Amino acid sequence: MLTLKLIGSYTSPYVRKIRIMLAKKNIPYEFILDDVWSAQPQVLAFNPLGQIPCILLPTGEILTDSRSIAEYLDWLVPAPALATIAQRLAVLKWQAIAEGIIDTSVKYRIEQIRPAALQWQDWFARQKDKLRRCFAILDAHLERHTWLANDQYSVADLTLQCALNFIDFRMGDWDWRAEFANLKRFETQLANQAAYIETMPR
Ligand SMILES: N[C@@H](CCC(=O)N[C@@H](CS)C(=O)NCC(=O)O)C(=O)O
């Protein structure tokens, strides 16, 4: 049987989100490990942006960007149905915040890997402020809720877990758990599931 191929890395939070979705939806795939920072990344042959994740479908179609891929996977194997527009809106709203946290922490990370003399301290502060503001909103919400949207697990929770674990991986000196107790509790809820353990950034 022809399988879907996923070009990715073991560290990208965007790729991890897709890997967890594929596992949860029982969609078989071949993982093609790539290094987007190498001189000739494999993904460049399929994505002019040179970014991962990128999926190659058995039909020959190519799809890039974790948001688009996630939407496609949900068409392929629908997640538990969301009955109303309000329920869909809740998932979209919280997922956007969680995606934004990933985008922000990746920007922070890219600044970290520049030569020390060139690093822009105001940029670090700007990204950290964004993260703190998002964390405060999430923490207040999670004081009253187990899950982000509609009191049930959704792709918004999956995305937030990828964001939090990426921050632990790349911004390990920030003890956010000491500041945000509800987020700390949230993070433990999914930590023991196989799809999350197997894809932990390393
Ligand atoms: N909006 C894209 C962002 C993907 C992205 O930035 N991936 C990183 C790896 S974590 C990458 O490929 N970076 C290389 C580059 O931007 O040149 C998505 O959601 O998939």
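Whatever order the structure lists ligands and atoms in, that order sets their numbers, starting from 1. All values reported here derive from a predicted model rather than from experimental measurement.
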Looking only at distances, please establish whether an N/O atom of ligand 1 is found under 3.5 Å from an N/O atom of [X].
{"X": "Q51", "value": "yes"}
{"X": "I52", "value": "yes"}
{"X": "S12", "value": "no"}

Distance-only donor-acceptor hits, side chain of residues 109-118, under 3.5 Å, sequence neighbours excluded:
{"from": "R109", "atom 1": "NH1", "to": "Q112", "atom 2": "OE1", "distance (Å)": "3.4"}
{"from": "E111", "atom 1": "OE2", "to": "R114", "atom 2": "NH1", "distance (Å)": "3.2"}
{"from": "E111", "atom 1": "OE2", "to": "W120", "atom 2": "N", "distance (Å)": "2.7"}
{"from": "Q112", "atom 1": "NE2", "to": "R170", "atom 2": "O", "distance (Å)": "3.2"}
{"from": "R114", "atom 1": "NH1", "to": "L118", "atom 2": "O", "distance (Å)": "3.1"}

Exercise. For atom 19 (O) of ligand 1, state which one of S66, G8, G50, S105 supplies the nearest heavy atom.
Key: S66
Practice problem: Please work out which of I69, D65, V43 has its closest non-hydrogen atom nearest to atom 2 (C) of ligand 1. | Solution: D65
Self-check item: V106 to ligand 1, any heavy atom closer than 4.0 Å
Solution: no
Practice problem: Taking atom types as modelled, find out whether R16 and N165 have a side-chain donor-acceptor pair closer than 3.5 angstrom. | Solution: yes
Quiz item: Strictly by modelled atom types, are S66 and K17 linked by a side-chain donor-acceptor pair under 3.5 Å?
Solution: no
Quiz item: Which atoms from ligand 1 have a heavy atom of P53 less than 4.0 Å away?
Solution: 20 (O)
Practice problem: Would you mind listing which atoms of ligand 1 come within a distance below 4.0 Å of any non-hydrogen atom of R67? | Solution: 1 (N), 19 (O)
Self-check item: Any donor-acceptor N/O pair, D139 side chain to L183 backbone, under 3.5 Å
Solution: yes
Quiz item: Can you check whether A149's main-chain N or O pairs, donor with acceptor, with W94's side chain at less than 3.5 Å?
Solution: no
Without placing hydrogens or testing angles, list every side-chain donor-acceptor pair under 3.5 Å for residues 38-56, not counting sequence neighbours.
{"from": "S38", "atom 1": "OG", "to": "D35", "atom 2": "O", "distance (Å)": "2.8"}
{"from": "Q42", "atom 1": "NE2", "to": "L33", "atom 2": "O", "distance (Å)": "2.9"}
{"from": "N47", "atom 1": "OD1", "to": "L49", "atom 2": "N", "distance (Å)": "2.9"}
{"from": "N47", "atom 1": "ND2", "to": "Q51", "atom 2": "O", "distance (Å)": "2.9"}

Quiz item: Is the ring centre of F135 less than 6.0 Å from the ring centre of W174?
Solution: yes
Exercise. Name the closest protein heavy atom to atom 14 (C) of ligand 1, giving the residue it belongs to and the distance to 0.1 Å.
Key: V36 CG2, 3.8 Å
